[in-house]
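Notes follow the structure.
Each chain gets a letter, A, B and so on, in the order the sequences are listed, and its residues count up from 1.
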Amino acid sequence: MKKVVVALSGGVDSSVAAALLVEQGFQVVGATMRLWNAPGCDQENRCCTPETRALAASLAEKLSIPFIVLDEAETFRSVVVQQFLDGYTRGETPNPCVTCNRFLKWGVLWDYAKSIGADYLATGHYARVLAQPNGAYELWKGRDPAKDQTYFLSTLTQEHLAHTLFPLGELRKTEVRRIAAERALPAADQPESQDLCFLGGRDYRDFLAEYAPQAVRPGPITDRSGKLLGQHQGLAFYTIGQRKGVPAAAQALYVWKKDIENNRLIVCPAEELGADTLRVTEINWISGVSPTEEFQAEVKIRSRAAPALGLVTPGPDSSVRVRFEKPLRDITPGQLAVFYQGEQVLGGGWIS
RNA sequence: UGGGGCAUGGUGCAACGGCAGCACACCGGACUUUGAAUCCGUGGAUCUAGGUUCGAAUCCUGGUGCCCCAG
């Protein structure tokens with residue numbers, strides 16, 4: 001009997017994933033990670049509160065599987081949260097969920113799974129792993145196009161995929177909810193998770209002001225010619241393409257660039273946003289093999305962006321340059337660019 | 001302290017003397033395992049004191065503030 005550790009968040013998706021694995025005959029161990037325990041944010045924090053842990057525990061009891069809580073708050077703080085704060089301090093817009101998947105779920109949790117002799121790590125992500133006849137593994141989008149989460153999983157390697165199960169990969173969200181209801185799982189009525197789990201319902205601006213005050217200094221807002229338009233309260237409160245918080249004008253203005261050296265926010269009208277080229281570094285190619293020739297791919301530059309067709313040109317040090325057919329707005333350093341061909345995920349790297 | 005112009009929500013602009021509108025911001029909601037974007041919705045204004053008029057954001061006079069030109 002194959003043994004699998006399933007990551008339980010207390011939500012619907014991971015609950016159904018666990019239930020399905022049990023029904024498929026796996027020896028299942030439920031695991032929840034305690035990732036954040038700053039005082040005062042427990043009641044709002046949806047992914048690792050006492051309430052969500054209780055939901056996960058009661059699910060495990062219902063399924064009659066062992067349940068363990070791993071306290072990884074220190075790892076999470078020093079890796080995920082620190083990268084989040086450092087990214088904003090550098091003027092980037094970091095994506096902590098990607099980092100969390102890489103270092104906590106397929107890092108700490110996978111190490112734990114191996115330590116107890118498990119064959120697999122399973123999560124409730126909407127994604128598919130396809131084993132090829134030649135022994136290679138491919139990562140494919142989840143069957144439900146509205147819920148596909150491969151954007152956050154593009155840093156996985158062959159080693160990870162060989163030992164990863166996504167029980168929800170072939171399902172749609174409505175089916176998952178139905179399965180949860182039919183089996184009366186404790187989390188059946190839980191709302192979708194949203195926002196950064198460690199913010200605990202706070203605005204991320206408040207969080208940054210507390211943990212990264214150096215990134216929250218007032219400064220000027222100008223147009224591209226340098227004309228002063230107003231004041232901002234901190235560059236970290238903005239991201240490329242953002243309108244919120246930009247001074248009103250006859251025409252809507254958006255963030256064009258963050259001038260870190262001068263702590264200056266540069267804004268422009270919508271039609272001046274965007275670029276048709278992009279550089280991506282530190283790319284993880286799912287196949288484990290870096291491309292050497294140019295190729296066409298669909299590229300997602302944000303988690304919920306429509307894929308854009310572009311020509312990918314390999315460069316040095318596992319970087320590439322992408323030239324898009326049409327200019328793309330909101331190309332944002334610190335976010336991930338993920339390469340697709342149809343349903344298949346080729347890889348992903350950081351936008352620089 | 002000569003001349004000219006302007007003054008309307010937080011911001012930028014509309015409104016022949018006839019119910020003060022629009023855009024953006026703010027706020028609420030939808031969407032969403034990052035930040036955004038996007039969609040729906042609420043609230044909020046005629047610088048001031050008089051005058052003309054049935055009726056004034058609009059016309060007239062004084063005040064106040066700002067801008068431009070000339071010193």
Side-chain angles (χ1 to χ4, degrees), chain A residues 7 9-14 17 33 35-36 45-48 52 80-81 83-85 87-88 90-102 104-105 123-127 142 144-155 168 173 176 190-199 201-208 212 215 221 223 227-256 258 265 267-270 273-274 300-306 328-338 348 350-351:
Chain A
S9 69
V12 184
D13 292 335
S14 60
M33 284 188 288
L35 298 178
W36 190 249
N45 188 332
R46 288 202 186 146
C47 85
C48 43
T52 56
V80 178
V81 176
Q83 284 197 12
F84 176 77
L85 299 175
Y88 270 115
R90 283 195 302 270
E92 297 176 354
T93 303
N95 193 324
C97 291
V98 174
T99 308
C100 182
N101 284 338
R102 179 73 182 83
L104 273 295
K105 297 194 181 79
T123 72
H125 285 106
Y126 290 81
D144 186 340
K147 295 299 297 182
D148 168 54
Q149 289 168 319
T150 48
Y151 180 85
F152 297 96
L153 300 170
S154 59
T155 59
L168 308 188
K173 184 72 186 196
V176 170
Q190 285 292 298
E192 296 292 278
S193 68
Q194 60 184 19
D195 296 333
L196 292 176
C197 66
F198 54 90
L199 296 181
R202 302 168 77 185
D203 192 295
Y204 84 100
R205 296 170 181 82
D206 295 338
F207 186 88
L208 285 172
I221 301 175
D223 65 17
K227 181 185 173 193
L228 186 67
L229 299 178
Q231 293 285 314
H232 67 76
Q233 293 306 309
L235 286 183
F237 296 165
Y238 297 85
T239 189
I240 306 300
Q242 179 169 332
R243 187 178 68 195
K244 188 183 172 74
V246 174
Q251 193 176 17
L253 297 175
Y254 299 79
V255 173
W256 183 68
K258 297 197 213 179
L265 190 71
V267 300
C268 72
L273 286 173
K300 274 175 78 165
I301 60 166
R302 304 186 298 280
S303 63
R304 287 185 296 280
L328 221 53
R329 51 166 291 186
D330 306 344
I331 295 172
T332 308
Q335 295 289 296
L336 212 55
V338 180
W350 300 102
I351 297 171

Sugar-phosphate only, base, or nothing, as touched by A:Lys147 at under 4.0 Å among non-hydrogen atoms: sugar-phosphate

One pair to check against side-chain contact (heavy atoms from CB on, under 4.5 Å): A:Leu168 and A:Tyr126. What are the steps and the verdict? CA-CA 6 Å; A:Leu168 308 188; A:Tyr126 290 81; 4.0 Å; yes

B:G21 to B:G44 separation - P atoms, rounded to the nearest Å: 12 Å

Tell me the partner of B:G35, counting only Watson-Crick (N1-N3 plus N6-O4 or O6-N4) or G-U wobble (N1-O2 and O6-N3) with both under 3.5 Å; none if nothing fits. none

Are the aromatic ring centres of A:Tyr204 and A:Tyr88 under 6.0 angstrom apart? yes

Please report the closest heavy-atom contact between A:Gly234 and A:Tyr238, naming both atoms and the distance. O-CD1, 3.4 Å

Please confirm whether any donor atom in the side chain of A:Thr93 sits under 3.5 Å from an acceptor in the base of B:G35, or the reverse. no

Indicate whether OP1 or OP2 belonging to B:U34 is found under 4.0 Å from a side-chain N or O atom of A:Arg304. yes

Phosphate oxygens OP1/OP2 of B:A36: is one of them under 4.0 Å from a side-chain N or O of A:Arg205? yes

Could you measure between the two P atoms, the one in B:C66 and the one in B:G71, and give it in whole Å? 23 Å

Within a strict 4.5 Å, meaning less than it, do heavy atoms of the A:Val176 and A:Val12 side chains meet? yes

Any base atoms under 4.0 Å from A:Asp13, or only sugar-phosphate, or nothing? Heavy atoms, all strands. nothing

B:C16 - base-pair partner by Watson-Crick or wobble geometry, distances under 3.5 Å: none

Applying a 3.5 Å limit to both distances, which nucleotide forms a Watson-Crick or G-U wobble pair with B:U8? none

Under a 3.5 Å cut-off for both distances, is B:A57 Watson-Crick or wobble paired, and to whom? none

Presence of donor-acceptor pair under 3.5 Å, side chain of A:Ser303 and base of B:G35: no

Find the partner of B:U1: check Watson-Crick (N1-N3 plus N6-O4 or O6-N4) and G-U wobble (N1-O2, O6-N3) distances, both under 3.5 Å, and reply none if neither fits. none

Name the nucleic acid region contacted by A:Gly11, choosing base, sugar-phosphate or nothing; use a 4.0 angstrom heavy-atom cut-off, strictly under. nothing

For a quick check of understanding: with a heavy-atom distance under 4.0 Å over all strands, which category does A:Thr332 fall into, base, sugar-phosphate or nothing? base

B:C54 and B:C13: how far apart are their P atoms, nearest whole angstrom? 36 Å

Partner of B:C26 by Watson-Crick or G-U wobble geometry, both contacts under 3.5 Å, or none? none

Are any of the side-chain heavy atoms of A:Phe152 and A:Leu336 separated by less than 4.5 Å? no

On a whole-Å scale, what distance lies between the C1' atoms belonging to B:G18 and B:C69? 38 Å

Mapping A:Gln149 and A:Phe237 to their closest nucleotides on RNA chain B, which lands nearer the 5' end? A:Gln149

If only side-chain N and O atoms of A:Lys258 are considered, is one of them under 4.0 Å from the OP1 or OP2 phosphate oxygen of B:A36? no

Work out how far the C1' atom of B:U46 is from that of B:A14, and round it to whole angstrom. 12 Å

Need one value for A:Tyr254: base, sugar-phosphate or nothing, where a base atom within 4.0 Å counts as base even if backbone is also close, heavy atoms only. sugar-phosphate

Within the 4.0 Å heavy-atom criterion, would you say A:Tyr238 contacts the bases, only the backbone, or no part of the nucleic acid? nothing

